[in-house]
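Below you'll find the structure, written out as structure tokens, and then a few comments.
Lettering follows sequence order; numbering is per chain, from 1.
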Amino acid sequence: MLLNPLTFHTPTTISQAAELYSTLGGARILAGGTFLLNSLKLLKRKGLKTPKNVISLKRIPELVGMTADSQGLTIGSMTTIDEIFESPLLKDNFQVLRIVCRNISTQPIRNVATLGGNLTCRYTWTEMPAVMIGLEAQLHFIDNKGQASSLSAEEFYKAAAKTDKILTHVRIPRDTKAAIAYRRARKSSNVDIPLLSLLIKTYFEGNRFTKTHVSVNNCVAFAQRDQVLEQFLNAAVCSKTIAQEALDHLDKNIYDNRSDEYKQHIFRISIKGAIEELITKQAKKS
Amino acid sequence: MTTLTINNKKYDLDLKGHEILLEVLRNNLGFTGTKTACEESECGTCCVNIGGKSILSCITLACDVADKAITTIEGLADGEKLHPVQQAYIDHGAVQCGFCIPGLIMSSKALLEKNPEPTREEIDYALDGNLCRCAGYLKIYEAVIHAGKEMKQLAGTNKN
């Protein structure tokens, strides 16, 4: 057997799931399973302790689906990456999600991996955290008493993505004015080991960047903003050299300095490429 | 008791909850067409179809799909008549050692049921989770394109 014995729970409502999660100490939530099941196998192979209880969220229909209105896009936490990719609702700033989803792993993984799992598994190689910080998404939770609460993606990752609640949905504000560039660098085209996830969102006023958000993941401990780079870009005027100059204004404290030279080179050229893309798009507009 | 629906047939099984679908298919029920290889969602040899999608049975808990219709490679042929995807793989010489082929056929079928005329890029995208160590991808692409045409034609015939 690949897994150690466990008790499998199949709640049908969010409140049942939240109650189980709070009462069964050490229980693990099963969303798509792409991270959890592989990690349970690994723990077993290493002879380490494995959880006694697994709570599947697959039978809770309220957690699945997407809706959009003039203010924003709502994505249920159990919506799969493939469902997001195929959604006709990805307009305006949400269009970037199609590129993000397309870049995630492989088709059989995208068919089952969920947005909620990607955001809450606390695994390094996930794609959505930086994207959700960049899009200023709000994460919505329900606790074991049925109380709803929310916090921004940025706050969630500042707190190391820890929660004892059930993530129900994500709300992303609609934005028709932002310019967005997204980059993902991975180690190999076949095996999905990302080196960098990056989303830069800015608003051009003439040839100046304003209110720029730079969010990064994979080359940092947890997805976060590079506020040093943001400040540099917000004070800069678009020019042919600005993307190169920006590389001297990264927040050195947040990036993984233990990375080898190749990895550091890859994420530097990715950042440069994203800034150049924004400038080129803006030049075409004006 | 847990009831699994596999290839349109129901199977009552005494599952405890921790059994992986791949193990149940092969060890409990004898569906050995679904192959075991990496067991960590990298290679795609264990793909089955659930809800029209290609799913890795090595990272699926059997109890978690108790309410779903599962199709394995054994469920594709109609008696002696192979499914158009299976036939196209043979006709185009797309099978070398054959180990990856059940998974590739299940992923091809999922793609073609949604889109019988895929572009090369769409095939790349849909089959990116299925690795062939013989590297026989060109013949596989040819087989997928041909199978799509067959399936479209068959769908048209059935409509008429």
Side-chain angles (χ1 to χ4, degrees), chain A residues 1-10 12 28-45 50-59 61 64 78 80-83 85-86 98 101-113 117 186 188-193, chain B residues 2 15-24 26-28 36 38-68 103-104 106-108 110-111 114-115 121-133 135 137:
Chain A
M1 283 292 168
L2 293 169
L3 300 184
N4 284 329
L6 54 85
T7 305
F8 184 63
H9 302 269
T10 54
T12 53
R28 297 297 302 270
I29 297 282
L30 176 65
T34 57
F35 169 69
L36 179 67
L37 294 179
N38 278 332
S39 68
L40 294 186
K41 286 183 213 167
L42 186 65
L43 289 171
K44 186 187 177 201
R45 278 203 299 270
T50 55
K52 297 272 178 281
N53 294 284
V54 167
I55 305 165
S56 170
L57 301 184
K58 286 206 180 114
R59 287 166 182 78
V64 182
M78 286 293 286
T80 66
I81 301 301
D82 190 60
E83 286 163 348
F85 175 73
E86 299 274 358
R98 185 164 287 126
C101 292
R102 190 180 175 79
N103 275 297
I104 291 177
S105 194
T106 60
Q107 187 66 64
I109 297 282
R110 293 186 292 267
N111 284 340
V112 292
R186 59 184 181 182
S188 134
S189 59
N190 289 332
V191 179
D192 189 34
I193 301 175
Chain B
T2 304
L15 299 179
K16 309 290 181 214
H18 65 289
E19 297 88 347
I20 296 283
L21 179 61
L22 173 64
E23 299 172 313
V24 173
R26 288 180 60 86
N27 303 344
N28 298 39
T36 305
C38 76
E39 293 183 345
E40 51 184 25
S41 64
E42 295 285 359
C43 72
T45 60
C46 67
C47 281
V48 297
N49 285 13
I50 301 177
K53 296 197 169 189
S54 183
I55 303 293
L56 294 159
S57 60
C58 75
I59 50 164
T60 303
L61 282 177
C63 288
D64 215 16
V65 289
D67 51 352
K68 311 275 186 197
L104 269 157
M106 299 314 286
S107 293
S108 305
L111 163 68
K114 200 170 69 171
N115 174 12
E121 194 189 20
E122 287 166 338
I123 299 173
D124 262 345
Y125 186 66
L127 302 187
D128 63 358
N130 294 83
L131 302 180
C132 167
R133 289 199 63 179
Y137 293 106

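Panel note: side chain B:Asp128, backbone A:Gln107; a donor-acceptor pair is recorded below 3.5 Å. With A:Lys41 contributing its side chain and B:Glu39 its backbone, the two residues share a donor-acceptor pair below 3.5 Å.
Enclosure of atom CZ in B:Arg133 is not indicated, since only 12 or fewer non-hydrogen atoms of other residues, nucleotides or ligands lie within 6.0 angstrom.
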### Query
Stepwise, does the side chain to side chain contact (heavy atoms under 4.5 Å, CB included) test hold for A:Leu40 with B:His18?
CA-CA 10 Å; A:Leu40 294 186; B:His18 65 289; over 6 Å; no
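Side-chain contact between B:Asp67 and A:Arg59 is present, with heavy atoms from C-beta onward closer than 4.5 Å. Side-chain contact check for B:Lys114 versus A:Glu86: some heavy-atom pair is nearer than 4.5 Å. Counting only heavy atoms from C-beta outward, the side chains of A:Ser56 and B:Leu61 never approach each other to under 4.5 Å. Between B:Lys53 and A:Val112 there is no side-chain heavy-atom pair separated by less than 4.5 Å. Between B:Ser41 and A:Thr34, the closest side-chain pair of non-hydrogen atoms is not below 4.5 Å.
With a 4.5 Å cut-off on non-hydrogen atoms, B:Lys68 does not touch chain A at all. With a threshold of 4.5 angstrom between heavy atoms, A:Leu30 approaches chain B through side-chain atoms but not through N, CA, C or O. Proximity to chain A (any heavy atom under 4.5 Å) is restricted, for B:Glu23, to the side chain, taken from C-beta onward. In this structure, the portion of A:Phe85 lying under 4.5 Å from any heavy atom of chain B is its side chain and not its backbone. With a 4.5 angstrom heavy-atom cutoff, B:Cys63 touches chain A via backbone and side-chain atoms both. Both the backbone and the side chain of A:Arg102 come within contact range of chain B, with heavy atoms under 4.5 Å apart.
The most heavy-atom pairs under 4.5 Å with chain A, out of B:Ile59, B:Asp64, B:Ile55, come from B:Asp64. Options B:Leu56, B:Leu15, B:Thr60 differ in how many heavy-atom pairs under 4.5 Å they form with chain A, and the most are formed by B:Leu56.
Atom CD of B:Glu40 is separated from atom CG of A:Leu37 by 13.0 Å, given to the nearest 0.5 angstrom. Taking SG of B:Cys58 as the reference point, atom CG of A:Asn38 lies at 6.5 Å (rounded to 0.5 Å). Rounding to the nearest 0.5 Å places OG of B:Ser107 at 8.0 Å from CG of A:Asn111.
The shortest heavy-atom contact between A:Pro108 and B:Gly129 is CD-CA, 3.8 Å.
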